[in-house]
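In what follows, a structure is listed as structure tokens, so that the remarks can point back to it.
Index from 1, following the sequence. Note: hydrogens, waters and symmetry copies are ignored here, and every other heavy atom, side chains too, is used.
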Amino acid sequence: MWLAEPRNPNAPLAGLKVVELARVLAGPYCGQILADLGADVIKVESPEGDGTRLWGPPWIERTDASGKIHREAAYYHACNRGKRSIIADFGVADDLARVKALIADADVVIENFKTGSLARFGLDYASLSATNPGLVYCSITGFGHTGPRAHEAGYDFVVQGMSGFMSLTGEPEGQPVKLGISISDLSTGVWAATGIQAALLMRARTGKGQQLDISLMDCSVALLSNQATYYLTTGTNPPRMGNAHAQVAPYGVFAVSDGHVILAPANDGLFHKLMDLLGLAHLASDPRFIANSDRIANARALDAEIAKATIGWSKQELLDACHAAGVPAGPINRLDEVFADPQVVARGLRIDLGGIPGVRSPFVFSGAELALDRPSPIHGEHG
């Protein structure tokens, strides 16, 4: 048996053994979250390796212990930190036996194969739980193991469209727009990690593991939250509103002399403060703008008045004034500005492991630490 490798003993999931039969993003991102929390995550890769190793540019080069140079895509390193890697071909008897032996005493399996694909190798939940009844087996698919689309592959972009995200994103007169990150994949990884830990807590009570059926589509629809409630309450589809807010005004992006700022005065008191600092105090008593409902009904006219005032300010001057007055406001940062932001620096969100940069999982514990002790593994590094 390959026992869980001791890592940071004060990490929350120290001693947990996870076998990852996953590739690309949702499954590996889930595995990385568990690895950051201290689990020993063993990534089982095909002889060709996780496809994201080739998803460059950009590329990262590093040298192994033998002096061999490995060139891998930065994308791969975004979701595989902290793991060990072995190579196995499920079609080779010895390799398959080795993977089954690895899972025999594992706490968790993460897999993202199409529905039914692993059953022919005996790597499905029913087969593995027969010898390891405490196993928590997390299946990640595009559409889940039931329903008319159960056997279809799922892709983030497609699911963003199908789940309603894109109907809500973009300017009213423009084309529907996807988010700038793979939100369906990434949120599925977070939901999966949450579900796994819940199942582990239940196992502590019952002594039994179980299978989790996690899908990109389910996780994306679940994120609709208040927009879903809007539709379910009214029977009306929420419109695309660009940067505007359906229930609050003013609330949006405004041009200044050297860029743009976000202004979000979300109640009457904050609205009055913003009007005062912009020299628009008279608008606070204008019948069109007295109550939030009035401001929503006349949002276009109000935004036009604010825009005429903000263009005379520089970005930093207006942000400083809003901060001093207690008005919610912020910049629209590029990523270079994000990672130079004093708050991001103070929170230690950027990490570097073995010369490979990354972003840590956003957990801060009062009595535990994350296990940020090694970069993503080289293909088959721990075989």
Evaluation steps, side chain to side chain contact (heavy atoms under 4.5 Å, CB included), between Val253 and Val261: CA-CA 6 Å; Val253 174; Val261 298; over 6 Å; no
Closest approach of [X] to [Y] (non-hydrogen atoms, all atoms of both residues):
X	Y	result
Ala153	Phe143	O-CE1, 3.5 Å
Lys315	Asp258	N-OD1, 2.7 Å
Leu274	Cys322	CD1-SG, 4.3 Å
Pro176	Met166	CB-O, 3.3 Å
Tyr137	Leu123	OH-O, 2.7 Å
Ala281	Asp276	CB-OD1, 3.4 Å

Any side-chain to backbone donor/acceptor pair from [X] onto [Y]? Under 3.5 Å, distance only.
X	Y	answer
Arg81	Ala78	no
Arg295	Phe289	yes
Asp36	Ser361	yes
Glu317	Ser314	yes
Ser167	Gly164	yes
Arg240	Leu168	no
Glu20	Val41	no
Asn298	Ala301	no
Glu381	Ser85	no
Asp50	Val24	yes

Do [X] and [Y] share a hydrophobic cluster, counting only Ile, Leu, Val, Met, Phe, Trp and Tyr and linking them when any side-chain heavy atoms are less than 4.5 Å apart?
X	Y	result
Val190	Val136	yes
Ile87	Val109	no
Leu179	Leu186	yes
Ile356	Tyr76	no
Ile351	Tyr75	yes

Above 12 or not: heavy atoms from other molecules or residues under 6.0 Å from [atom1] of [X]?
X	atom1	answer
Phe365	CZ	yes
Phe363	CZ	yes
Tyr251	OH	no
Trp191	CH2	no
Asp94	CG	no
Tyr155	OH	no
Arg360	CZ	yes
His323	NE2	no

Criterion side-chain contact (heavy atoms from CB on, under 4.5 Å) against Gln197, the qualifying member of Leu34, Val108, Leu16: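 When Leu34, Val108, Leu16 are each tested with Gln197, the side-chain contact (heavy atoms from CB on, under 4.5 Å) holds only for Leu34.
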So, applying side-chain contact (heavy atoms from CB on, under 4.5 Å) with Ile110, which one of Leu21, Ile196, Ile214, Val19 is it?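 Looking at Leu21, Ile196, Ile214, Val19, the match for Ile110 under the side-chain contact (heavy atoms from CB on, under 4.5 Å) is Ile196.
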Indicate yes or no: does [X] engage [Y] in a salt bridge with an N to O separation below 4.0 Å.
X	Y	answer
Arg62	Glu72	yes
Lys273	Asp268	no
Lys114	Glu152	no

Any non-hydrogen side-chain atom of [X] less than 4.5 Å from a side-chain atom of [Y]?
X	Y	result
Asn80	Lys43	yes
Phe113	Arg23	yes
Pro250	Leu263	no
Arg98	Ile86	yes
Phe254	Asp303	yes
His77	Pro375	no
Arg53	Glu45	yes
Val221	Met162	no

As an exercise, state the distance from [atom1] of [X] to [atom2] of [Y], rounded to the nearest 0.5 Å.
X	Y	atom1	atom2	value
Asp156	Phe165	CG	CZ	8.5 Å
Ile103	Thr131	CD1	OG1	9.0 Å
Met275	His282	CE	NE2	9.5 Å
Ile262	His260	CD1	NE2	11.0 Å
Glu111	Thr141	CD	OG1	8.0 Å
Gln227	Leu232	CD	CG	11.5 Å

Please walk me through it: do Gln211 and Ser139 pass side-chain hydrogen bond (donor to acceptor under 3.5 Å, both in side chains)? CA-CA 7 Å; Gln211 182 175 15; Ser139 295; 3.0 Å; yes
Report yes or no: do [X] and [Y] form a side-chain donor-acceptor pair below 3.5 Å?
X	Y	answer
Thr115	His145	yes
Thr188	Asp185	no
Ser215	Asp218	yes

Taking Lys17 as the fixed residue, which of Asp105, Asp107, Asp40 is the one that meets the side-chain hydrogen bond (donor to acceptor under 3.5 Å, both in side chains) rule?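 Checked Asp105, Asp107, Asp40 against Lys17; only one passes side-chain hydrogen bond (donor to acceptor under 3.5 Å, both in side chains): Asp105.
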Report the C-alpha separation of Ser127 and Asp124 in whole Å, then their side-chain angles, then the decisive distance to 0.1 Å, and conclude whether the side-chain hydrogen bond (donor to acceptor under 3.5 Å, both in side chains) test is met. CA-CA 6 Å; Ser127 299; Asp124 56 307; 2.7 Å; yes
Go through the steps to decide whether Gln210 and Met202 satisfy the test side chain to side chain contact (heavy atoms under 4.5 Å, CB included), and finish with yes or no. CA-CA 9 Å; Gln210 60 186 295; Met202 188 170 180; 3.4 Å; yes
